[in-house]
Asker: 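What follows is a structure written as structure tokens; I'll ask about it next.
So that the names make sense, note that chain A is the first sequence line, chain B the second, and so on, each numbered from 1.
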There are 2 protein chains.
Amino acid sequence: MADSKPLIVVIEDEAPIRRFLRASLPLHGYRVLEAATAAEGIRHLAEQRPDLVILDLGLPDMEGLDVVRQIREWSEVPIVVLSARERESDKITALDAGADDYLTKPFGIGELLARLRVALRHGARRAAPEAATYEAGNWSVDLAARRVFVADEEVHLTPTEYRLLTVLIRHAGKVVTHRQLLRELWGDEHEDAQHTLRVHISQLRRKLEPDPTRPQHLMTEPGVGYRLREDEPGK
Amino acid sequence: MADSKPLIVVIEDEAPIRRFLRASLPLHGYRVLEAATAAEGIRHLAEQRPDLVILDLGLPDMEGLDVVRQIREWSEVPIVVLSARERESDKITALDAGADDYLTKPFGIGELLARLRVALRHGARRAAPEAATYEAGNWSVDLAARRVFVADEEVHLTPTEYRLLTVLIRHAGKVVTHRQLLRELWGDEHEDAQHTLRVHISQLRRKLEPDPTRPQHLMTEPGVGYRLREDEPGK
DNA sequence: CGGCGGCGTCAAGAAAATCTCAAGATTCAC
DNA sequence: GTGAATCTTGAGATTTTCTTGACGCCGCCG
């Protein structure tokens, strides 16, 4: 990454802007991969592991905020948002959803480039790029496509179940506190719904574990929380 | 830092804005330290190690850009720049000098707060990689994952056992009084459960010590308390 | 020698946390 | 408004953890 040109994925449906970026960015030492839809952009993300994403919020196939959130479920790649909307609340929600910067159109190319450099500075410090799929035992979780397989059979998870699983994956190997899970799933408010959490864990086990009675990966740490056990190479 | 409110240093000479920030930021969970000049601000930086800096570019005693550059010579603290200047070139030079964000006055408090959260997110990630494991003999305690290994075999500890161990680790090498342990584990109230404490120590030894009869690390100091013996380099 | 206090171990009952099933709510699309 | 999917809540069974009491060991002092 440091030794070759940074790769930027541009997710933008307006052709003129895309053309503009396609022309400008390479002049400044970046490689560019384009996508006109969110789905295509996310596919690029998963396959190419770019160093940065430029994301237009006004995409045809998906709500812009949801794109940010979905990327953030599994990737920490820096996201620079472009948007025609100037409303402060739009900026706030986008930034809180996980975007790293927010530029309103029309923007100057110079400022965009400078902000890209800032975002890449941050990204460069980050450790090895994350994998787009998580594997453990005979599980396989395709984080980009939001699909889960057990022994090559696809398993359907409800939204909550899936989010719970991604939180555990994000902290794989570590114990995740009840409180932490509750906060990530339901927000700071409902830090009381312990019981609900247990039920969802139970459901996940029923769907993913061969023998839900004796979990192989979805371990409970009594009095503390839950932990996703990773494969141990030596075993 | 994670356990207390983030500290923000505000370097700003305009009193109204300073007053405004002094009023708003604490309402959103931040501690604030103010400086009206660059020199004072830099002094605060060096002494307090804040989590973030809000910097006005129009300071009386120093050119704004130089402030950024000077801070960056020795600190990576996130810097959010406020400026009345809208010129694109000003933004670019500030960002390239090391600023993490750039807001032009007048700015909305909501957007400022959102961008502060982004900058703090980055800062937190940078500070995170602490070697959070304790080693002694053939023990290895992964404090981040809350896991304990003895001779590469994972050992399961109950919540109380684990907390007891972490207290001793926190004071590794030093004697920890009975009273101190009781207070840390059960609160000021139950300073009588000496016997219970002994049982837990016993359990810990059974799980961690090769020969619980002759402890290598979980030493008892008769009449006083317990002590976690560290490795001695000379052995 | 014999009693005493501090300590460690064991085991049993009490307490707390967790799991599971199933019955209401709720949500969302149609 | 209806129905399907999902989420939440309740209750009882089950598991894990904590506490307590009994007992034995050891060193010390009278």
Asker: What nucleotide among dG10(D), dC10(C), dG8(C) has an atom nearest to a side-chain atom of Val199(A)?
Answerer: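 From the listed options, dG10(D) comes nearest.
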
Asker: Could you grab the distance from atom CG of Leu185(A) to atom CD of Gln180(A), nearest 0.5 Å is fine?
Answerer: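 If we round to the nearest 0.5 Å, Leu185(A):CG and Gln180(A):CD are 10.5 Å apart.
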
Asker: Which nucleotide, dT9(C), dG10(D), dT17(D), lies nearest any side-chain atom of Pro222(A)?
Answerer: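 Nearest listed nucleotide: dT17(D).
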
Asker: With a 3.5 Å cut-off and no angle check, do the side chains of Ser89(A) and Arg87(A) form a donor-acceptor pair?
Answerer: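 Yes, side-chain donor-acceptor contact under 3.5 Å.
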
Asker: State whether Trp186(A) places a side-chain N or O below 4.0 Å from either non-bridging phosphate oxygen (OP1 or OP2) of dC7(D).
Answerer: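 Checking dC7(D) against Trp186(A), no side-chain N or O comes under 4.0 Å of OP1 or OP2.
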
Asker: Does a side-chain N or O of Ser202(B) approach OP1 or OP2 of dT9(C) to a distance below 4.0 Å, or not?
Answerer: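 Yes.
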
Asker: Between P on dC7(D) and CD on Glu161(A), what's the gap in Å once rounded to a whole number?
Answerer: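 Taking CD of Glu161(A) and P of dC7(D), I get 6 Å after rounding.
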
Asker: Please pick, from dT17(D), dG8(C), dG10(D), the nucleotide with the shortest atom-to-atom distance to any side-chain atom of Pro159(B).
Answerer: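 That would be dT17(D).
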
Asker: Measure from the side chain of His178(B), starting at C-beta and using heavy atoms only, and say which of dC7(D), dC18(D), dC7(C) lies closest.
Answerer: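 Selected nucleotide: dC7(C).
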
Asker: Just how far is it from atom CD1 of Ile201(A) to atom OG1 of Thr196(A), taken to the nearest 0.5 Å?
Answerer: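 Reported value, rounded in 0.5 Å steps: 12.0 Å.
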
Asker: Between atom CG of Leu65(A) and atom CD of Gln70(A), what is the distance when rounded to the nearest 0.5 Å?
Answerer: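 The CD atom of Gln70(A) is 12.5 Å from CG of Leu65(A), to the nearest 0.5 Å.
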
Asker: Using only side-chain N and O atoms of Thr160(A), determine if any of them is under 4.0 Å from OP1 or OP2 of dC7(D).
Answerer: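 Yes, within the criterion.
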
Asker: At under 4.0 Å, does any side-chain N or O of His200(B) touch on OP1 or OP2 of dT17(D)?
Answerer: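 Negative; the distance criterion is not met.
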
Asker: Report the distance from atom CG of Leu218(B) to atom C1' of dG8(C), rounded to the nearest whole Å.
Answerer: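 Rounding to the nearest Å, CG of Leu218(B) and C1' of dG8(C) are 13 Å apart.
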
Asker: When you measure from the side chain of Pro212(A), which nucleotide among dT20(C), dT17(D), dT6(D) comes out closest?
Answerer: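 Nearest listed nucleotide: dT20(C).
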
Asker: If you compare every side-chain N and O of His156(A) against the phosphate oxygens of dT6(D) (OP1, OP2), does one of them come in below 4.0 Å?
Answerer: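 Looking at the OP1 and OP2 atoms of dT6(D), one of them is under 4.0 Å from a side-chain N or O of His156(A).
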
Asker: For Arg214(B) and dG8(C), give me the distance from atom CZ to atom C1', rounded to whole Å.
Answerer: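 These atoms are roughly 14 Å apart.
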
Asker: Rounded to whole angstrom units, what separation is found between the OH atom of Tyr162(A) and the C1' atom of dT6(D)?
Answerer: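 It works out to 18 Å between those atoms.
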
Asker: Rounded to whole angstroms, how far apart are CD on Glu209(A) and C1' on dT20(C)?
Answerer: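 Distance check: Glu209(A) CD to dT20(C) C1' gives 15 Å.
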
Asker: Does a side-chain N or O from Arg206(A) land closer than 4.0 Å to OP1 or OP2 of dT20(C), or not?
Answerer: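 It does not, given that no N or O in the side chain of Arg206(A) lies less than 4.0 Å from OP1 or OP2 of dT20(C).
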
Asker: Using atom types as modelled and distance alone, determine if a side-chain donor or acceptor of Arg205(A) lies under 3.5 Å from a backbone N or O of Pro215(A).
Answerer: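 Not a single qualifying donor-acceptor pair exists.
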
Asker: Where the side chain of Thr158(A) is defined as all heavy atoms beyond and including C-beta, which of dG6(C), dC7(D), dT20(C) is the nearest nucleotide?
Answerer: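 So the nucleotide nearest the side chain must be dC7(D).
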
Asker: Can you see if the side chain of Tyr226(B) gets near the phosphate of dG8(C) - specifically, an N or O under 4.0 Å from OP1 or OP2?
Answerer: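 Answer is yes, contact under 4.0 Å.
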
Asker: Quick one: sort the Tyr226(A) and His178(A) rings into parallel, tilted or perpendicular, breaks at 30° and 60°.
Answerer: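 Rings of Tyr226(A) and His178(A): perpendicular, as their planes differ by over 60°.
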
Asker: Does the base of dA11(D) carry an N or O that pairs as donor and acceptor with the side chain of His195(A) under 3.5 Å?
Answerer: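 Between dA11(D) and His195(A), which were checked side chain against base, a qualifying N/O pair under 3.5 Å is present.
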
Asker: Figure out the CG/P separation between Leu197(A) and dT6(D), and round it to whole Å.
Answerer: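 That distance rounds to 18 Å.
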
Asker: Go through Arg163(A) and Glu73(A) one step at a time and tell me if the salt bridge (Lys or Arg N to Asp or Glu O under 4.0 Å) criterion holds.
Answerer: CA-CA 8 Å; Arg163(A) 279 203 301 153; Glu73(A) 277 178 8; over 6 Å; no

Asker: Can you tell me how far P of dA17(C) sits from CD1 of Ile201(A), to the nearest Å?
Answerer: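 From Ile201(A) CD1 to dA17(C) P: 17 Å.
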
Asker: Nearest 0.5 Å, please: how far is CG in Leu204(B) from NE2 in His217(B)?
Answerer: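 If we round to the nearest 0.5 Å, His217(B):NE2 and Leu204(B):CG are 13.5 Å apart.
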
Asker: Please report the distance, rounded to the nearest Å, between CD in Gln194(B) and P in dT19(D).
Answerer: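 Taking atom P of dT19(D) as the reference, CD of Gln194(B) is at 14 Å.
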
Asker: Report yes if the side chains of Arg147(A) and Thr133(A) come closer than 4.5 Å at any heavy-atom pair, otherwise no.
Answerer: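 Arg147(A) does not reach Thr133(A) side chain to side chain.
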
Asker: Note the angle between the end axes of the helix from dC1(C)-dG30(D) to dC30(C)-dG1(D), five pairs defining each, rounded to 10 degrees.
Answerer: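 Roughly 30° between the end axes, to the nearest 10°.
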
Asker: Checking contacts here: which listed nucleotide (dT18(C), dG8(C), dT20(C)) is nearest the side-chain heavy atoms of Arg198(A)?
Answerer: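 Ranking dT18(C), dG8(C), dT20(C) by closest atom to the Arg198(A) side chain puts dT18(C) first.
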
Asker: Counting only side-chain N and O atoms of Thr213(A), is one of them less than 4.0 Å from OP1 or OP2 of dC19(C)?
Answerer: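 No, no such contact exists.
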
